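Encoded as structure tokens, the structure appears first; notes follow it.
Remember, predicted model here, so these are calculated numbers, not experimental data. Letters A, B, ... are given to chains in the order of the sequence lines, protein chains preceding strands, and every chain is numbered from 1.
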Amino acid sequence: MKMPAPSRPRKRPTIIVGSVDNSSSSSSSDDEEEEEEEVEDRVDDEDEEKGKGRNGSLSRKGVGKKAPAIIISLKKVCKVCKEEGHQAGFQGANYIDCPRKPCFLCKKPGHTTMSCPHRVALEHGVVPALRKNKQTQLDYVFERQLMSQIPKIKPTFVIPDKLDRGVVKLHSRRVTSLEFHPTMNSVLLSGDKKGQIGIWDYSKPNEKTVYGSIHSCIVNNMKFDTRNDIMLYTSSSDGTISYTDLETGIGVLLMDVNPNGWNGPSTWRMLYGMDINLDKGLLLAADNFGYLYLFDTREKVKIGESILIHRKGSKVVGLHCNPTQPDLLLSCGNDHYAHIWDIRRLETQSFLASLAHGRVVNSAYFSPHTGSKILTTSQDNRIRVWDSVFGNLNLPSREIVHSHDFNRHLTPFKAEWDPKDPSESLAVIGRYISENYNGVALHPIDFIDTSTGHLVAELIDPDLTTISPVNKLHPRDDILATGSSRSVFIWRPGGLKVEDKEAERKKEIIFCNTGKKSAKEKFNESDDDDDGDDFPSKGKNKQQKKYGGKSDKAGSSKSKIVKI
DNA sequence: ATCTCATGAATCC
DNA sequence: TGGATTCCCTGAGA
């Protein structure tokens with residue numbers, strides 16, 4: 001509980017893509033002014049004491065023209081605590097916390113988000129908690145035997161600092177999962193809340209397909225059959241696992257955990273975690289009541305009975321098989337725990353280790369190469385890292401405070417490893433709370449060095465105005481995919497494509513070495529964006545539907561960077 | 001511009 | 001223990 005307030009390097013690149021129409025109108029400068037006038041004519045304000053006076057309905061985000069300067073009047077009541085004397089909410093593009101509540105970022109009392117030590121002053125910071133782990137003998141063994149496979153010298157992270165961006169709005173509901181094709185480098189799959197699965201070849205912006213009848217609600221997981229990679233396993237809240245041929249959209253129903261159909265929400269099983277264990281020919285999935293299901297992918301049969309692996313009645317949120325140890329399974333759930341299991345001995349409470357979290361665990365992943373680290377994301381606004389599966393797992397090696405706790409209506413945030421980082425350090429995760437980027441409230445996507453907790457880079461795009469809970473880094477290329485609301489974004493290093501020359505014309509890279517830059521500098525010049533894309537008439541086959549049109553943008557717009 | 005809704009976990013009684 | 005109530009940065013459509 002020491003917070004290392006000390007100065008830390010402010011050397012983070014902020015990657016800004018696209019442009020914003022930042023016609024200085026909403027200039028942050030004047031957000032401040034309070035207008036005491038309005039106070040009197042609010043007759044009812046008087047008796048509107050605590051409890052009643054709902055939302056002050058402040059128009060949010062500094063995007064609007066006339067800064068909706070919050071009226072700080074003693075008569076008004078804070079929408080959060082219902083007390084008089086202060087107001088919570090957006091003030092321009094800055095969100096002012098209710099001072100009577102714990103910090104919205106770190107959840108500790110005594111300060112607000114604005115002054116949270118984990119926020120690195122005016123920037124957008126992430127700070128590691130103190131390393132609490134004591135080294136045990138196992139740690140040393142681990143470090144000798146396994147650590148040696150991890151490069152000592154961490155390579156420079158490859159974060160494209162000059163980006164092209166492609167966007168499609170394939171989905172009619174928010175995107176809930178993303179997966180890159182294992183062999184076709186530019187093919188991205190996306191699943192949505194409605195059960196639709198989108199396929200987008202972003203090297204050919206017009207090649208988009210949406211399959212609408214594979215699932216009937218949330219697509220929670222997608223995994224390719226790497227032995228036959230036109231086939232995709234999907235799990236859904238409709239309670240089924242589907243095995244779908246992506247060329248035809250025709251799938252096989254592998255498993256349905258609601259054989260008796262709908263009997264009300266209290267009995268309806270939804271499948272949340274899913275992973276494939278290639279070595280064992282297993283598909284593992286789990287439901288919202290705490291049970292794990294095993295399926296033999298070769299024989300195409302369910303194996304045994306379901307096994308309770310998390311608190312009865314609580315949702316199992318995620319499953320992950322260890323990439324090097326086929327016997328190890330990691331699960332996480334709404335019971336605030338992640339568990340490590342031996343797949344050969346799966347019984348209730350037989351887990352090898354239990355990792356406690358402060359709240360719901362959104363995700364838990366083994367590291368991608370050695371499988372020896374664990375990265376979890378919890379609703380208590382902390383990313384946790386365990387450096388060694390074989391060490392003392394009682395406490396994480398690191399806790400990184402990061403804003404990703406949400407209030408319904410969003411897909412859970414998950415910190416995802418960069419599969420290309422041989423040092424198994426870099427992770428990407430979207431941020432919940434917005435920052436004031438020169439008068440515009442935007443939600444960045446953060447790149448975090450999980451070995452130190454440092455925010456390595458943050459990606460923002462003036463056109464990316466919605467929160468981006470779903471992110472996936474490409475297994476081979478320096479490419480990031482993002483699911484934000486109904487849109488799917490692809491971010492890739494810029495300047496690669498010859499045909500982008502035209503767009504490049506008025507773009508420039510800006511390096512800001514001093515923290516604060518004017519809006520003009522950051523988002524100088526507007527660009528006329530890309531030439532949207534219209535949908536190709538070529539279809540792949542019947543089952544597919546196409547969406548979009550008007551607001552779609554695909555292809556690329558050149559980008560700019562600001563380094564802070 | 002304002003309202004409404006979808007929704008899930010935590011908390012309250 | 002369990003049903004009702006609450007809930008701080010949502011997003012889109014009416």
Exercise for the section: For R408(A) and dC8(C), give me the distance from atom CZ to atom C1', rounded to whole Å. Expected result: 12 Å
Between N or O atoms, less than 3.5 Å apart, protein on one side and nucleotides 2-5 of chain C on the other: list the pairs.
none

Exercise for the section: Would you mind listing every salt bridge (charged side-chain N to carboxylate O under 4.0 Å, His left out) that reaches into residues 86-95 of chain A, with sequence neighbours excluded? Expected result: none
Practice task
If the plane angle is over 60° it's perpendicular, under 30° parallel, otherwise tilted; pick one for W262(A) and W268(A).
Solution key: tilted
Practice task
Return no unless some side-chain N or O of S485(A) is found under 4.0 Å from OP1 or OP2 of dA12(C).
Solution key: yes
Handout entry: Integer-rounded Å distance: dC7(C) P and F406(A) CZ
Key = 18 Å
Exercise for the section: Report yes if at least one side-chain N or O of K79(A) is closer than 4.0 Å to OP1 or OP2 of dC7(C); otherwise report no. Expected result: no
Problem - Gap in Å between the two P atoms, one belonging to dA12(C) and one to dA9(B), rounded - result: 22 Å
Practice task
Would you please classify the geometry between the H404(A) ring and the F413(A) ring as parallel, tilted or perpendicular, with 30° and 60° separating the classes?
Solution key: tilted
Exercise for the section: In whole angstrom, give me the gap between the P atoms of dC8(C) and dC13(B). Expected result: 16 Å
Fill in the blank from the handout: CG (N221(A)) and CG (L284(A)) are apart, to the nearest 0.5 Å, by 11.5 Å
Practice task
Look at all strands and tell whether P102(A) reaches a base, only sugar-phosphate, or nothing, counting heavy atoms closer than 4.0 Å.
Solution key: base
Practice task
Please check the phosphate of dT11(B) (OP1 and OP2 only) for any side-chain N or O of R359(A) closer than 4.0 Å.
Solution key: no
Exercise for the section: For dC7(C), take OP1 and OP2 only and decide whether either is under 4.0 Å from a side-chain N or O of K101(A). Expected result: no
Handout entry: Side-chain (S378(A)) to main-chain (V360(A)) donor-acceptor, under 3.5 angstrom
Key = yes
Exercise for the section: Look at the rings of H443(A) and Y432(A) and say which category their plane angle falls in: under 30° parallel, 30 to 60° tilted, over 60° perpendicular. Expected result: parallel
Exercise for the section: In whole angstrom, give the distance that lies between atom CG of D192(A) and atom P of dT7(B). Expected result: 13 Å
Practice task
Using the aromatic ring of H409(A) (for Trp, its six-membered ring), decide whether it stacks on the base of dG11(C) within the limits of 5.5 Å and 30°.
Solution key: no
Practice task
Please check the phosphate of dG8(B) (OP1 and OP2 only) for any side-chain N or O of N334(A) closer than 4.0 Å.
Solution key: no
Exercise for the section: Check whether any side-chain N or O of H336(A) sits under 4.0 Å from OP1 or OP2 of dA9(B), and answer yes or no. Expected result: no
Handout entry: Value in whole Å for how far the C1' atom of dA9(B) lies from CZ of F289(A)
Key = 15 Å
Practice task
Could you give the distance separating dA10(B) and dG11(C) at their C1' atoms, to the nearest angstrom?
Solution key: 23 Å
Handout entry: Of the listed nucleotides dC9(C), dC7(C), dA9(B), the one nearest the side chain of K315(A)
Key = dA9(B)
Practice task
Answer with base, sugar-phosphate or nothing: what part of the nucleic acid does I433(A) contact at a heavy-atom distance below 4.0 Å?
Solution key: base
Completion exercise
Between CE of M270(A) and C1' of dT7(B) the distance, given in whole Å, is 11 Å
Problem - Geometric class of the Y202(A)/F180(A) ring pair [parallel <30°, tilted 30-60°, perpendicular >60°] - result: perpendicular
Handout entry: Approximate separation, where rounding is to 0.5 Å, of E399(A) CD and I383(A) CD1
Key = 11.0 Å
Exercise for the section: Whole angstrom is fine here: how far is it from CG in D405(A) over to C1' in dT10(C)? Expected result: 13 Å
Fill in the blank from the handout: Regarding the side chain of F104(A), the nearest nucleotide among dC7(C), dC9(C), dT10(C) is dC9(C)
Handout entry: Candidates dC9(C), dA9(B), dG11(C) - which lies nearest the side chain of T466(A)
Key = dG11(C)
Practice task
May I ask you to check whether S172(A) and D192(A) show a side-chain donor-acceptor distance below 3.5 Å?
Solution key: no
Practice task
Identify, between K193(A) and R311(A), the residue whose nearest nucleotide on DNA chain B lies closer to the 5' end.
Solution key: K193(A)
Exercise for the section: Using whole Å, report how far CZ of R174(A) lies from C1' of dG13(C). Expected result: 16 Å
Handout entry: Separation of dA9(B) C1' from K107(A) NZ (nearest whole Å)
Key = 13 Å
Exercise for the section: Check every atom of dC9(C), dG8(B), dG11(C) against the side chain of I467(A) and return the nucleotide holding the closest atom. Expected result: dG11(C)
